[in-house]
Amino acid sequence: MLKEYQTVTEITGPLMLVTDVSGVKYEELVEIQMQTGEKRRGKVLEVGTDNALVQLFEGSDGINMKNTKVRFLGKPQELGVSPDMIGRVFDGMGNPIDNGPQIIADERRDINGLPINPFARLYPSEFIQTGVSAIDGLNTLVRGQKLPIFSGSGLPHNQLAAQIARQAQVLGTDEKFAVIFAAMGITFEEAEFFINDFRESGAIDRAVLFINLANDPTIERVSTPRMALTAAEYLAFDEGMHVLVILTDMTNYADALREVSSARKEVPGRRGYPGYLYTDLSQIYERAGRVKGKAGSITQIPILTMPEDDITHPIPDLTGYITEGQIILSREIYNRNINPPINVLPSLSRLKDKGIGEGKTRKDHANTMNQIYAGVARGRDAKELSTILGESALSDDDLAFARYSDAFDERYVNQGFYTDRTIIETLDLGWDLLKILPREELKRISDALLDEFLGKVD
């Protein structure tokens with residue numbers, strides 16, 4: 001029999017202090033019964049000698065301290081998992097919101113998960129095709145990798161996220177593939193966009209959606225990515241599926257963490273965020289990977305909006321330390337009506353070399369990738385020089401690189417949000433663009449590959 005306490009002594013924002021308690025554990029789930037009979041939920045955030053600080057999931061509005069009863073349930077926050085979750089839409093606490101039946105869980109799991117033993121990790125090495133040339137060709141996503149997208153307010157990161165969710169697949173395998181999509185702090189219109197896009201494209205048949213709206217409790221936002229990753233771990237390591245987890249927007253998640261930290265009266269760190277922001281983010285990002293002896297895998301694409309487009313802001317800065325690269329969306333490119341507005345030069349996938357080449361994509365991938373990068377960099381330098389000195393000051397080669405840079409943006413990057421390119425189509429397009437440049441300038445590609453893909457020179 002669980003003991004009831006009527007010793008609530010303080011309520012501040014989403015936090016409640018319960019005194020004269022015993023045997024309470026950190027992260028333990030709490031049930032709060034109000035004077036009206038309504039029940040709310042929470043979890044233990046801190047434990048003292050004889051008191052417990054409880055974090056309320058549904059907020060503290062309407063709670064009367066004198067007549068409120070608190071029960072500590074002796075277990076952490078959990079998610080009921082089952083293969084039947086695929087094709088369903090849940091809120092940030094794991095409750096169905098698609099008018100479907102309740103999930104009959106195979107088991108219930110602690111949403112905080114367990115860290116993957118580093119010795120048990122397998123190195124990511126298999127190519128995932130997103131259908132987006134600027135990612136597949138130049139910043140390749142590898143199965144088991146965590147590759148964030150750095151965006152800005154008003155940029156079309158939601159459309160890019162939906163496109164990747166629709167199109168992503170592991171090539172050369174018949175193994176099952178699933179997408180876990182977790183949205184945090186989004187508007188009702190954004191939620192409708194994602195749900196309708198998944199349903200109309202049929203992607204919902206292999207997806208699990210967790211939706212936390214902007215007007216939902218802040219505390220729910222902290223739980224949402226953990227709910228999603230718990231479902232991902234079950235599908236990957238118990239059901240043997242390749243799982244792509246898309247988390248948007250991690251900035252809203254970090255802001256919720258800051259709000260809770262402020263309510264706890266903690267000493268703030270950079271920009272008011274808690275000093276443990278790095279640790280907290282790493283607990284989410286490091287739940288991606290592959291495990292020895294397990295067929296499945298978890299690949300992560302966290303999406304975050306950089307406040308004021310500042311890449312040195314704590315959230316993108318710390319994310320960059322934990323993850324393996326970043327895809328950067330550019331406001332300047334977006335203003336030129338190029339979609340998706342990916343700026344390929346500062347973007348990076350640190351594991352791209354492990355997922356490309358013969359038997360994975362094509363033998364020419366690494367060479368053409370390096371040459372395309374070099375050509376774009378020189379082309380943009382030539383265009384800047386032309387702005388200062390005029391086109392007449394450029395050499396014939398510089399003019400060719402400037403034309404190449406424009407063609408690259410218009411044909412390679414600007415594919416829209418509903419064009420799904422295979423990796424072969426992306427590589428062939430790259431060769432087509434390289435024809436704009438003088439052959440003697442293609443110094444990063446071997447003569448054998450030039451002869452094979454451009455034709456031999458007489």
Side-chain angles (χ1 to χ4, degrees), residues 130-141 145-165 167 186 190 193 246-252 254 301-321 323-350 352 369-388 401-419 421 426 429-430 433 436:
T130 67
V132 180
S133 291
I135 297 176
D136 294 348
L138 303 177
N139 297 288
T140 310
L141 178 65
Q145 183 179 6
K146 39 197 182 291
L147 182 64
I149 295 175
F150 290 0
S151 183
S153 179
L155 295 183
H157 46 271
N158 286 339
Q159 289 90 327
L160 179 59
Q163 181 179 21
I164 293 171
Q167 299 176 177
I186 63 173
E190 289 172 320
F193 163 75
I246 300 175
L247 305 172
T248 183
D249 179 347
M250 291 303 296
T251 299
N252 292 337
I301 300 183
I303 298 172
L304 57 92
T305 50
M306 300 178 289
E308 300 175 356
D309 294 357
D310 179 13
I311 200 169
T312 67
H313 186 277
I315 304 170
D317 186 34
L318 296 177
T319 295
Y321 280 115
T323 56
E324 293 118 7
Q326 66 279 328
I327 304 296
I328 297 179
L329 303 191
S330 162
R331 196 171 300 279
E332 183 272 330
I333 292 176
Y334 176 65
N335 290 338
R336 287 160 47 201
N337 293 318
I338 293 174
N339 284 309
I342 296 173
N343 190 355
V344 298
L345 291 186
S347 295
L348 170 68
S349 170
R350 294 191 181 95
K352 62 177 181 279
M369 175 181 66
N370 293 333
Q371 186 62 66
I372 287 171
Y373 263 123
V376 172
R378 182 169 170 184
R380 290 186 181 173
D381 288 344
K383 287 170 66 67
E384 288 179 10
L385 193 61
S386 172
T387 303
I388 299 170
F401 276 100
R403 288 196 306 274
Y404 166 81
S405 178
D406 288 336
F408 171 82
D409 287 341
E410 287 297 331
R411 295 175 56 194
Y412 197 96
V413 179
N414 189 29
Q415 70 177 78
F417 296 112
Y418 293 93
T419 301
R421 290 180 183 156
T426 292
L429 177 58
L433 290 170
I436 298 172

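We number each residue from 1, following the sequence as shown. All values below were derived from every heavy atom in this structure, side-chain atoms included, with hydrogens, water molecules and symmetry-related copies excluded.
Below 30°, between 30° and 60°, or above 60°: for Tyr404 and Phe401 the angle between ring planes is above 60°, a perpendicular geometry.
Smallest separation of non-hydrogen atoms from Arg421 and Ser133: NH1-OG, 2.9 Å. For Ser330 against Ile333, the heavy-atom pair with the smallest separation is OG-N, 3.1 Å. Pairing each heavy atom of Gly325 with each of Arg350, the nearest pair is N-NH1, 2.9 Å.
The shortest distance between side-chain heavy atoms of Glu324 and Leu147 does not fall below 4.5 Å. In this structure, Phe150 and Thr319 have side chains that are in contact, with non-hydrogen atoms separated by less than 4.5 Å. Side-chain contact between Arg336 and Glu332 is present, with heavy atoms from C-beta onward closer than 4.5 Å.
Between Glu384 and Arg380, none of the side-chain N atoms (NZ, or NE/NH1/NH2) sits under 4.0 Å from a carboxylate O, so this pair counts as no salt bridge.
A donor-acceptor pair shorter than 3.5 Å can be found between the side chains of Ser349 and Gln145. Counting only N and O atoms by type, the side chains of Asp249 and Thr305 include a donor and acceptor under 3.5 Å apart.
By the neighbour-count criterion of 12 heavy atoms within 6.0 Å, atom CD of Glu308 is sparsely surrounded, having that number or fewer from other residues, nucleotides or ligands.
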| side chain to side chain contact (heavy atoms under 4.5 Å, CB included) between His313 and Leu318, worked out | CA-CA 8 Å; His313 186 277; Leu318 296 177; over 6 Å; no
| request: Please test Asp136 against Thr426 for side chain to side chain donor-acceptor pair (under 3.5 Å), starting from the C-alpha separation and ending with a verdict. | output: CA-CA 8 Å; Asp136 294 348; Thr426 292; 5.2 Å; no
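For Ser347 (side chain) and Ile328 (main-chain N/O), a donor-acceptor pair under 3.5 Å exists by modelled atom type.
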